[in-house]
Chemist: 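Can you keep this structure in mind? I'll have questions shortly.
The basis for the numbers below is simple: all heavy atoms, side chains too, and nothing from hydrogens, waters or symmetry mates. In what follows, chains carry the letters A, B, and so on, assigned in the order in which the sequence lines appear, proteins first and then strands, with residues in each chain numbered from 1.
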Amino acid sequence: QKEVEQDPGPLSVPEGAIVSLNCTYSNSAFQYFMWYRQYSRKGPELLMYTYSSGNKEDGRFTAQVDKSSKYISLFIRDSQPSDSATYLCAMSEVFSGGYNKLIFGAGTRLAVHP
Amino acid sequence: GAVVSQHPSRVICKSGTSVKIECRSLDFQATTMFWYRQFPKQSLMLMATSNEGSKATYEQGVEKDKFLINHASLTLSTLTVTSAHPEDSSFYICSAREQGLARETQYFGPGTRLLVL
């Protein structure tokens, strides 16, 4: 079983739709949760970063973490064609005095059509 | 802020040659840099972690003699693929963690596409 599971899609939605992207994980030690957006042939771009459970909103994006269910979500409101990309969830444990290794999901390919 | 660059963006080489990829943090100092490999339609796989002034830490299954990493300064890390073979063809991405900020945040470079013929 992978540490982080993410449906690779593709997910196709019409412009203006609300998009829900999800990841599940098995390691209860994960404390930090991130969402990255990756356009084709580009490096990932950090979208959202959350610590522990709860919601975080930034413009059209809302990140949600439910540690009891080991489930995280990213919601995109009023989706635009420019949101078409691969969305990667990533998470890490807390290390003392060192670096945090990020564990990535497989990425979900999203296509928003006009 | 938090811009990471990579050079070259794309390289094509013959089998058996060595290829060096540079990763630079342009507007911040990075005590730690990470090297990932990404195959088509797959997620990022961490290859190694490099800390400025010390030896890199390689992930299980990654050959340290084949993928040489040098983190000579707080703004530069290099990955050298030695004696590259076609199976090394991939998208190589570096990331950097900014010194003093949340340890969990990594900023990624644009990636280097390597094709070994």
Chemist: Please confirm whether the backbone N or O of A:G105 pairs with a side-chain atom of B:S43, one donor and one acceptor, at under 3.5 Å?
Modeler: yes
Chemist: Count the heavy atoms of every other residue, nucleotide or ligand shown that sit under 6.0 Å from CZ of B:R10, and state whether that count exceeds 12.
Modeler: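 No, the 6.0 Å shell around CZ holds no more than 12 heavy atoms from other groups.
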Chemist: Working to the nearest 0.5 angstrom, can you tell me the gap between B:Q38 CD and A:Q38 CD?
Modeler: 4.0 Å
Chemist: Quick check on the hydrophobic clustering: are A:F75 and A:V13 connected, directly or via other members, by side-chain heavy-atom contacts under 4.5 Å?
Modeler: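 They do not share one cluster, since no chain of ILVMFWY contacts under 4.5 Å joins A:F75 to A:V13.
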Chemist: Membership question, hydrophobic clusters at under 4.5 Å side-chain separation (ILVMFWY): are B:Y107 and B:L79 in the same one?
Modeler: no
Chemist: Please classify the contact of A:Q31 with chain B as side chain, backbone, both or neither, using a heavy-atom distance under 4.5 Å.
Modeler: neither
Chemist: Between A:E45, A:R41, A:Q6, which shows the greatest number of heavy-atom pairs under 4.5 Å with chain B?
Modeler: A:R41
Chemist: Is there a side-chain contact between A:K101 and B:L46 in this structure, where contact means two heavy atoms from C-beta onward sitting under 4.5 Å apart?
Modeler: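 In contact.
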Chemist: When rounded to the nearest 0.5 angstrom, what distance separates CZ in A:F104 from CD in B:Q42?
Modeler: 14.5 Å
Chemist: Out of the candidates A:L102, A:L88, A:I103, only one should pair with B:L44 under the side-chain contact (heavy atoms from CB on, under 4.5 Å) rule; please name it.
Modeler: A:L88
Chemist: Does NZ belonging to B:K64 count more than 12 external heavy atoms closer than 6.0 Å?
Modeler: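 Result for NZ/B:K64: open.
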Chemist: State, with a plain yes or no, whether a side-chain heavy atom of A:K42 is found less than 4.5 Å away from one of B:F91.
Modeler: no
Chemist: If you count the non-hydrogen atoms of other residues, nucleotides and ligands that lie under 6.0 Å from CZ in A:R77, is the total more than 12?
Modeler: yes
Chemist: Step through the shown structure and confirm whether more than 12 heavy atoms of other residues, nucleotides or ligands are within 6.0 Å of NE2 on B:H85.
Modeler: yes
